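The structure under discussion appears below in the form of structure tokens.
Each chain gets a letter, A, B and so on, in the order the sequences are listed, and its residues count up from 1. This is a predicted model, so every value here is computed, not measured.
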Amino acid sequence: MKNKVIPVEEAVAHVKDGDHIMVGGFLKGGTPDVSVRELIRQGQKGLTLTSNDTGRPDCAVFDLVGAGRVAVINASYIGANPETGKMLIENPGSVRLFPQGTLAEKVRCGGFGLGGVLTPVGVGTVVEEGKQKLVVDGKEYLLETALHADVAFVKAHAADEAGNLLIRGNAKNFNVVMAAAADYVIAEVDEILPVGSIGPEDVTVPGALVNAIVKGGACA
Amino acid sequence: MKNKVIPVEEAVAHVKDGDHIMVGGFLKGGTPDVSVRELIRQGQKGLTLTSNDTGRPDCAVFDLVGAGRVAVINASYIGANPETGKMLIENPGSVRLFPQGTLAEKVRCGGFGLGGVLTPVGVGTVVEEGKQKLVVDGKEYLLETALHADVAFVKAHAADEAGNLLIRGNAKNFNVVMAAAADYVIAEVDEILPVGSIGPEDVTVPGALVNAIVKGGACA
Amino acid sequence: MMQGREIIARRVALEFKDGDVVNLGIGIPTLAANYLPEGVHIQLQSENGMLGMGGAASPEAASLDITDAGGNPVTVLPGGMFFDSPFSFGLIRGGHVDETVLGALEVDQEGNLASWMIPGKRVPGMGGAMDLVVGARRVIVAMEHVNKDGSAKILKKCRLPLTAAHKVNLVVTNAAVLKVKPGGGLVLTELAPETTLEQALAGIEADVEVSPDLKTMPIL
Amino acid sequence: MMQGREIIARRVALEFKDGDVVNLGIGIPTLAANYLPEGVHIQLQSENGMLGMGGAASPEAASLDITDAGGNPVTVLPGGMFFDSPFSFGLIRGGHVDETVLGALEVDQEGNLASWMIPGKRVPGMGGAMDLVVGARRVIVAMEHVNKDGSAKILKKCRLPLTAAHKVNLVVTNAAVLKVKPGGGLVLTELAPETTLEQALAGIEADVEVSPDLKTMPIL
């Protein structure tokens, strides 16, 4: 089987101007900072970004927004990124806010071949604007549709050379479902291990979903 | 915190005539046989049963159907249980067949507070009969709605006394989501351990979902 | 004299039953965990993917793989577990969180709640708040009785965009406790120590019934 | 002379690329794993919750916690993993399975497939077949060329209830290989050893183009 470990420059070069990218992480937890820094360096622009929070000042995705590379954002909480806040004020359509559980389900739908889900969350609030409302068994739900990306950036503690990922603790957050929801998946990891080193109960994301493994580490 | 380990007789007595029960397992893998045998002994009837396959001859749920206790079945595959097949032939409305992935999502929706999902599976087949069809981004989907039960019977390898479950291998099957999708959850386990014995990465089902822990074992 | 924040936190802590799963918002709600009555043990849910959250991690143990919903390194307690965002919000939306405690900008007499945006000024996003308020079994708002300028936060009708409609069960402030009746309507049931009924009512715009059993918060 | 079943299995095995994730139905499809070309390693997906399925478990290692889709104890290979049913069918529906190989009662020239029921006679349920056929990147039907009574299985239009519409990519029988063109239409591309074009066509009711590059199956 192909060894999927490649240089970060090569992996990130799969992103094209205008692509939809997903970036895993919850604030600073489980964020693929080395590969997103490389994306800033390479200069792709006009991106659509799906990220729970677009980071806080110590996250690379924070700077990606600050560098003006992102045209449209799907997020749930942007209170830690004033650059995203500025985008929203200046161009309200450029930042789409979703309840966090809804955002998680939208990405899961994109990864798992579902067209959408019915959620009661957002009913009776501005979140329902422009969305289809359905009644099932007398209860109102919003139809929230799938999100699918061109490239996903995810973070794991370790990968084996086939791309099986071990994600520790609650760094799992959006990383698991984003790995399913993109055409090309870049997994940034602290450790790279031989195939079989991660036991079958410990693999968090199957290698079948991962296209490239890049080495993470401290980044400026 | 309350120790949830109780006698199987007491746990199963929560089932009332006419209840909707879910029984985890995939054929013989991960089936709660001791507690379902007790249900047969107690005699509750007119049940609605959600089970992937209603078992094969070495499963208790097979005999539950055979004993005539079940009025309505939700399943995906019944080829190993001729008793269920007989029910379907004699009273077609009594056995509702769903694609297996759809059945899994329906239970997940019930457990996770969603009203339903849109799946492309079943479009253009008899599965779409009587269901709402929605088009999202030009693609047709069936709306498949949530299933929620009164009592779920699930099987795990081990539980701690707070009800945290460790389910090994692919015995996870329907057991994980069924544990979320019922008002009262009976977990049948081979081993009962002190709280904290199952590490935070190894807990498959949180104890918060489990109401009763009963000891499994070989059953006649 | 007890600070307002401490009054709120101490009173909120009395709402928890032994074994409850509780999600505490950032700020005052988080303080409530410090004042649990003897014999009451709760399990903290952190929406970024953990049940059984402990306190802040020591510098040596700190890891970005185990963080609270503010992104800060924490610990996990025995009997806890980690999961990804879809599972976490599945637990929340599915009614598996007993209490959610969160701050608010405004609450009204119909049990509506506004907590996530001030149009044109501050739009941090709803994060997980909408899911929590819709999904948790009980919603407790913990907030200052009035705004800094002395204006009311407990209104006839919320003016800011809602977090959810008709979902609040209890409002705890530094001056009073108010119950929301099923179907709407506020009942003032308790006063803070050293607060008179007139003082409490003066800060409330909403129509309020005063309980015939009006008492002082049992927090001393 | 090579048995029909072996011809089919050997020919199907040539469809796999190194690294593919493959789901093999019970019966002939399962045999294909025995005939992989040198250097081609595939990962078997078992819809009851496993990637990297190995062979039958030894009596000592056999466990009901690790079973194949027939419920029989098997092993897991290094680099494999376990998951629950929603995740398993998420992988399937989400396009993360490269090939699904399954038997069929009927196939037609529009790429329709009937494999799961004979009304009034045999209704085993669709199990995972509908999800697999809709979700897998390529659908390969592996079946006898004609029914036991000599009647055709490759039809102008399926008469039995469909498993899915327009999803079959390739049909491999003991007499021939037929490709389904995008948009519909069958092209006979290969003949089994010792089978003549006339023999193959005699067993087919559908309209069939014969490929100008017609060749013998490269399975010897």
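Of the atoms belonging to B/Thr119, heavy atoms from both backbone and side chain fall under 4.5 Å from chain A. With a 4.5 angstrom heavy-atom cutoff, B/Glu144 does not touch chain A via any of its atoms.
Within a 6.0 Å sphere centred on NZ of A/Lys45, other residues, nucleotides and ligands contribute 12 heavy atoms or fewer.
Taking all atoms of both residues into account, the shortest heavy-atom contact from A/Pro120 to B/Gly113 is CD-O, 3.2 Å.
In this structure, A/Glu201 CD and B/Leu166 CG are separated by 7.0 Å, a value rounded to the nearest 0.5 Å. Rounding to the nearest 0.5 angstrom, the gap separating the CG atom in A/Leu114 from the OG1 atom in B/Thr102 is 8.5 Å.
Here the side chains of A/Leu118 and B/Leu143 are in contact, with some heavy-atom distance below 4.5 Å. Taking the side chain as every heavy atom from C-beta outward, B/Glu105 and A/Val117 never approach each other to under 4.5 Å.
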